[in-house]
Amino acid sequence: MKPLMTDQTDMACGRHINWHSVAFVDDVFRHAFWPAKEFFYELLGAPLGAVLNQPMPASIRRQMWQNGTLRPPSASALPQGPETQWLSEFNTLSPDSQRLLAGYLDPSALHICYEASPALLQFLDSKGITYVDLRLSPVRFLPDVILAMRSNSPQVNAALARIGLQRHEITVEAVKLSASFRHRDRYTPQGNIPRHPGTQMVVVGQTSSDASIIQGNRFVHLRDALPVLAEKLQGKHVLYLRHPSASADHQRSETELLSSLYPALEVTGANGYDLLCCEQSLEFLGLSSGLLQEAAFFGRSATSLLPPICPLAFPDGENADNGYWQITFDTFMSVPFWRCLLGSDEDHGRDTLRNMVPNQLRELHNVWWGYPAHKVKPNDYTRTLVGDVRPELQRVYGVARFILDLMAGPQVSVAVDDVLSRTWRWPNGSLVALQPNGIIMKDHRRAGTWRRLQQADPAYFLLWDDGYWIDFARYAGNGRLVCRNNVGDQFMVAQA
């Protein structure tokens, strides 16, 4: 093993490519998600400490806490300080922010960033500082989540290109997931899979304030793309896939917009990976989402209305200039990998998924997204692990029905009102009607019972026969029901 070389220079940009120290920096004035950033800096203390033979410095954020530039975190709240407007400085740092940050930068150190903004990377560039920006890869269906990395140093990027995963390895994993899901679905049709004839369009929802939807000094929303949406949705059955972290108000604004273009909009409860894997003819559309980037590995057509915040780079030259190279967690934590990046002439082989430890980084970082719901389907193995929970679910469901019956009293035929006089299109596309005798009809078949609480504003409990679901609904006027279910989901139902 050869030692790190000294006084070696990256001739393309004049920067030192042999570093004897590192620094950790990110968008220090944005306090949201700071624990995730510190998590990765602490992890890197192991391989970088071994390579440099010295303890790692505190991150620049923590240094600012220590000297009072930023107020340190307390037990009761996230840190607060001279917080700048992060949105307005996403693309360009203000002079005040540049001045505050400049005193903490060391031009001789390699700066490691986690999810740095374009403004921070441009500022580091202007100061002649070499950086490596890392983030969790948007490819999240592999046996474990992986890292995405890029640098402003041509030599570091060249090393990442030699080591980074190849596209075909990731595609193989997508093929495995698809084959497994379709095999199961052909024997036992899986729930929530849209089975309408013809091409269907899945609109992938977003949150109201994600870094990936910033343009200029504002967040872009679906309403800003109305002409494009109207064109793309024409002639297709439209499904809306909610973002799990979006607020109920934001989800409602997106569904109302889409319903104005396609009144028969279906709000799907399907898992995103189930949709990517199924046999149905589905296309995907959204502002910006990792799911839209993943779709290509499953052979799906996907349209992102904004460029991805983390373009994927692969050794075949794809996005080599501005993309992020895909690195497995074990490689990321290895000493030879960082020796290679820091300028050693030690060779490092191509990264591979073949020996990946499943769910290692997922468990450490507690980031799962939709992977477990897709991957862990009930089967003989899982039933043996957890036992058969169906009797217990039936008991709990029976108790809930008993209590609701006591609250509502005996259900006799009631006068037809705004709810009973209409047929409703449920989020899964089914036609639902509440009959005066207390029976729920779904697609002209009995599907459960309902109870009405006699209040000034009548409320309805819908007790479904299948799946242990209980919905609570109120009439909101204009042919709409406002509903929530027994797992906390809120949704709107329109008159069919």
Side-chain angles (χ1 to χ4, degrees), residues 22 24 26 33-52 56 59 110-116 131-151 156-157 159-174 176-177 273 290-291 293-294 297 308-315 319 323-342 344 346-376:
V22 297
F24 301 108
D26 50 73
F33 308 116
W34 70 265
K37 301 170 186 182
E38 294 293 325
F39 167 80
F40 281 100
Y41 303 155
E42 290 169 358
L43 285 178
L44 286 175
L48 288 174
V51 171
L52 298 174
M56 291 298 98
S59 68
L110 174 66
H111 285 59
I112 297 174
C113 317
Y114 183 79
E115 292 189 348
Y131 63 76
V132 174
D133 186 38
L134 65 98
R135 56 189 65 219
L136 289 175
S137 170
V139 178
R140 294 168 182 174
F141 59 83
L142 302 176
D144 195 14
V145 288
I146 58 177
L147 283 302
M149 303 176 65
R150 66 176 291 266
S151 173
V156 173
N157 273 337
L160 289 169
R162 292 194 303 271
I163 298 168
L165 288 169
Q166 299 184 83
R167 170 177 278 277
H168 77 82
E169 275 209 82
I170 298 175
T171 301
V172 166
E173 292 300 319
K176 290 178 184 177
L177 286 183
Y273 294 129
L291 189 73
Q293 292 178 266
E294 292 173 305
F297 296 100
I309 196 169
C310 181
L312 306 177
F314 291 103
N319 294 321
Y324 284 74
W325 306 94
Q326 310 303 295
I327 305 295
T328 64
F329 181 57
D330 276 338
T331 295
F332 176 77
M333 291 296 293
S334 73
V335 169
F337 172 71
W338 284 100
R339 281 190 177 276
C340 186
L341 293 196
L342 289 171
S344 169
E346 178 179 332
D347 190 28
H348 191 292
R350 170 75 62 196
D351 206 354
T352 179
L353 298 175
R354 270 171 280 175
N355 298 316
M356 174 177 275
V357 178
N359 300 323
Q360 184 178 198
L361 181 53
R362 278 194 184 97
E363 290 185 0
L364 290 172
H365 198 27
N366 194 26
V367 287
W368 297 89
W369 296 288
Y371 181 80
H374 168 78
K375 188 69 174 174
V376 185

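One is the number of the first residue; the rest follow in order along the sequence.
- The closest side-chain heavy-atom distance from N157 to W325 is below 4.5 Å.
- When all heavy atoms of L341 and A159 are compared, the closest pair comes out as CD2-CB, 3.8 Å.
- Side-chain polar atoms of N359 and Y371 form no donor-acceptor pair below 3.5 angstrom.
- In this view, E363 satisfies the side chain to side chain donor-acceptor pair (under 3.5 Å) rule with no residue, not counting sequence neighbours.
- A distance of 9.0 Å separates CE of M56 from CG of L44, quoted to the nearest 0.5 Å.
- For the pair P315 and A161, the tightest heavy-atom approach, listed with the atom from each and the gap, is CG-O, 3.8 Å.
- Considering all non-hydrogen atoms of both residues, L361 and D144 come closest at N-OD2, 2.8 Å.
- The aromatic rings of F40 and Y114 lie parallel to each other, their planes meeting at an angle below 30°, with 60° marking the opposite boundary.
- Within the 4.5 Å cutoff, the side chain of L312 has no heavy atoms near those of the I170 side chain.
- Here L136 contributes atom CG and H365 contributes atom NE2; the two are 5.0 Å apart, rounded to the nearest 0.5 Å.
- How far OG1 of T331 is from CG of L147: 10.0 Å, rounded to the nearest 0.5 Å.
- Residues that satisfy the side chain to side chain donor-acceptor pair (under 3.5 Å) test with Q360, not counting sequence neighbours, are D330.
- Considering all non-hydrogen atoms of both residues, A116 and D133 come closest at N-OD1, 3.1 Å.
- Taking 4.5 Å as the limit, every side-chain heavy atom of F297 sits out of range of all side-chain heavy atoms of E173.
- With F314 as the fixed residue, the side chain to side chain contact (heavy atoms under 4.5 Å, CB included) test singles out one of E169, R167, H168: R167.
- Rounding to the nearest 0.5 Å gives a distance of 11.5 Å between NE2 of H111 and CG of D26.
- Heavy atoms only, all atoms of each residue included: P311 and Q293 are closest at CA-NE2, 4.2 Å.
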Exercise. Under the side chain to side chain contact (heavy atoms under 4.5 Å, CB included) rule, what do F337 and D351 come out as? Steps first, then yes or no, please.
Key: CA-CA 10 Å; F337 172 71; D351 206 354; over 6 Å; no

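- The minimum heavy-atom distance linking V335 with A50 is given by the pair CG2-CB, 3.7 Å.
- By the 4.5 Å heavy-atom criterion applied to side chains, V357 and F329 are not counted as neighbours.
- For the pair R362 and P372, the minimum side-chain heavy-atom distance is 4.5 Å or more.
- Under a 3.5 Å cut-off, the side chain of E38 and the backbone N or O of A36 do not form any donor-acceptor pair.
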Quiz item: Given the rule in the side chain to side chain contact (heavy atoms under 4.5 Å, CB included) test, do L342 and L48 qualify, once you have shown the distances and angles that lead to the verdict?
Solution: CA-CA 10 Å; L342 289 171; L48 288 174; 4.1 Å; yes

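- How far OH of Y273 is from CG of L177: 9.0 Å, rounded to the nearest 0.5 Å.
- Taking CZ of R162 as the reference point, atom SG of C340 lies at 5.0 Å (rounded to 0.5 Å).
- In this pair, F332 and W338 present their aromatic rings perpendicular. The plane angle is above 60°, beyond the 30 to 60° band.
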